[in-house]
There are 2 protein chains.
Amino acid sequence: MKEKIINTSIHLFDKKGFTETSLQEIVEELGVTKGTFYYYFKNKQELLTDIHLEFIEFLLRNQNAILSDDTKDSEEKLRSMIYMVIHSIKDRKKSARIFFREMRNIGSDYMEQIVQKRDQFRVNLQTLVEDGVEKGEFEMDLDADMVTRGILGMTNWSYYWFDPDGDVSAEKLTSIYLKIILNGIRKQE
Amino acid sequence: MKEKIINTSIHLFDKKGFTETSLQEIVEELGVTKGTFYYYFKNKQELLTDIHLEFIEFLLRNQNAILSDDTKDSEEKLRSMIYMVIHSIKDRKKSARIFFREMRNIGSDYMEQIVQKRDQFRVNLQTLVEDGVEKGEFEMDLDADMVTRGILGMTNWSYYWFDPDGDVSAEKLTSIYLKIILNGIRKQE
């Protein structure tokens, strides 16, 4: 039931917005009582926090699996990470959009742990970039923090427009982004 | 007065969200009556549309000025465009965040013209990329549409985190992003 509540709410929050969706609408959509809701969540805000945590923890779990795979070099890890984010849009586009849009509505009690996990995701990516430089796979005189934010921007933005059922596959988009990041588009002299 | 209403509302919408900000709060903050508000706007939604239009039209005006500057080659135009977006964060971070977050709250009457202008901005950037390829400045076997969305992702994302008063200047961030886009980060063999 908890998962059902979460999934229904994700759908409603994405469609109408968090503030615009009442608890009444959620339980009506589910055909349950408010008592059922309160058995699982203290309030709507706790539910929103759960959606956020579930999403960022999913990303972190996948990221850690990629980082600890010793058969992959830095480039392959970077590819896997970009693919993971883009591919997850198929299942998690709504969660992601809620994550980016409704951050403001997370209560201050919960904010800290979410921000900490968000930062962790970014820092892990930055470590990968720095490792690649150290191992001589990447070469740059650029600020690793800014490069990391650039990569995150490209991939995170795709939550807003990428249609995994459209003409371009997640694999193809990953290859394009990886190629830009690695080789750029300037004509080689 | 119209501009004052817009500026105060941008501040409130960014802080509290569009739905969460009542008309009453806007006029109280301004110290005017609702009558004054209704003299300029039909309702809150029309005000939100105005904020959106003002923002996207500002970007388009600047973009057109860059595109029509014949003293610049494609690379310089691309640099100017990235810089323009990043630099505008200084004045327009709140407008931009409202733009990205509150799209859903734009009424269907107004949606079409905003979407059309958003698309125009993307298409103009794509044309610049394609021109650069045609002129031999850029070299890529990549889908220009996807490359364009990647560039937009990098730059648009900076609205969420970039602090123009922080350690990294808008100029420096522009150079880093331009360098990634043009040269990538892979070690040249």
Side-chain angles (χ1 to χ4, degrees), chain A residues 14-21 74-75 78 97 100-105 118 122 129 132-133 135-147 149-162 167-168 172-189, chain B residues 14-21 74-75 78 97 100-105 118 122 129 132-133 135-147 149-162 167-168 172-189:
Chain A
D14 182 53
K15 204 170 89 185
K16 300 190 58 183
F18 174 76
T19 314
E20 296 84 343
T21 305
S74 305
E75 178 177 329
L78 185 58
R97 284 198 301 226
F100 296 130
R101 275 200 300 234
E102 306 287 2
M103 203 65 183
R104 201 181 37 211
N105 289 309
R118 275 181 86 136
R122 178 172 48 78
V129 170
V133 172
K135 287 178 185 151
E137 280 190 76
F138 305 148
E139 189 174 68
M140 58 185 208
D141 53 356
L142 304 173
D143 187 317
D145 178 24
M146 299 296 126
V147 171
R149 288 175 193 270
I151 298 171
L152 276 179
M154 276 191 169
T155 49
N156 288 353
W157 200 252
S158 58
Y159 281 108
Y160 285 104
W161 64 267
F162 180 60
D167 284 344
V168 177
K172 192 174 168 203
L173 186 61
T174 301
S175 293
I176 292 172
Y177 281 0
L178 190 71
K179 212 159 172 185
I180 298 173
I181 294 161
L182 295 179
N183 301 325
I185 61 170
R186 181 187 273 140
K187 190 176 170 69
Q188 307 294 324
E189 302 296 335
Chain B
D14 182 52
K15 203 169 92 184
K16 301 190 56 183
F18 173 76
T19 315
E20 296 84 342
T21 306
S74 305
E75 178 177 331
L78 185 57
R97 284 197 301 228
F100 296 131
R101 276 200 299 236
E102 307 287 2
M103 203 64 182
R104 201 182 36 211
N105 289 309
R118 276 182 84 137
R122 179 173 48 76
V129 170
V133 172
K135 288 177 184 152
E137 281 188 77
F138 305 147
E139 188 173 69
M140 59 185 207
D141 52 356
L142 304 173
D143 187 316
D145 179 25
M146 299 295 127
V147 171
R149 289 174 192 271
I151 297 171
L152 276 180
M154 277 193 169
T155 49
N156 287 353
W157 199 251
S158 59
Y159 281 108
Y160 285 105
W161 64 268
F162 180 60
D167 285 344
V168 176
K172 193 175 166 204
L173 186 62
T174 301
S175 293
I176 292 172
Y177 282 0
L178 190 71
K179 212 159 170 182
I180 298 173
I181 294 162
L182 295 179
N183 300 325
I185 62 169
R186 180 187 275 142
K187 190 176 170 68
Q188 307 295 324
E189 304 296 336

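No hydrogens, no waters, no symmetry mates; every other heavy atom, side chains included, goes into these values. It should be emphasised that the depicted structure is a prediction, and the values quoted were computed from it without experimental measurement. Each chain gets a letter, A, B and so on, in the order the sequences are listed, and its residues count up from 1.
For B:Asn105, the part sitting under 4.5 Å from any heavy atom of chain A is the side chain, from C-beta outward, and nothing else. For chain B, the nearby part of A:Leu142 is the side chain; its heavy atoms alone come within less than 4.5 Å. Heavy atoms of B:Val147 lying under 4.5 Å from chain A belong to its backbone as well as its side chain. Contacts between B:Phe162 and chain A at a heavy-atom distance below 4.5 Å are absent for every atom of the residue. Contacts of B:Ile176 with chain A are made by both backbone and side-chain atoms, with heavy-atom separations under 4.5 Å. Within the 4.5 angstrom heavy-atom criterion, only side-chain atoms of A:Lys172, from C-beta onward, approach chain B. Neither the backbone nor the side chain of B:Asp167 has a heavy atom closer than 4.5 Å to any heavy atom of chain A. Contacts of A:Asp145 with chain B are absent, with no heavy-atom separation under 4.5 Å from either backbone or side chain.
Contact detail for B:Val168 and B:Leu173: the closest heavy-atom pair is CG1-N, 4.0 Å. Considering every non-hydrogen atom in both A:Glu137 and A:Glu75, the closest pair reads OE1-N, 3.2 Å.
Options A:Leu152, A:Asp141, A:Val129 differ in how many heavy-atom pairs under 4.5 Å they form with chain B, and the most are formed by A:Asp141. For the options A:Glu20, A:Lys16, A:Arg97, heavy-atom pairs under 4.5 Å to chain B are most numerous at A:Glu20.
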Apply side-chain contact (heavy atoms from CB on, under 4.5 Å) to the pair B:Thr21 and B:Lys15, showing each step before the final yes or no.
CA-CA 9 Å; B:Thr21 306; B:Lys15 203 169 92 184; over 6 Å; no

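A tilted orientation is assigned to the rings of A:Phe100 and B:Tyr160, their planes being inclined by 30° to 60°.
Here the CD-CZ distance, from B:Glu102 to A:Arg101, works out to 9.0 Å after rounding to the nearest 0.5 Å. The distance from the CE atom of B:Met140 to the CG atom of A:Asn183 is 13.0 Å, given to the nearest 0.5 Å. Rounded to the nearest 0.5 angstrom, B:Arg149 CZ and A:Tyr177 OH are separated by 8.0 Å.
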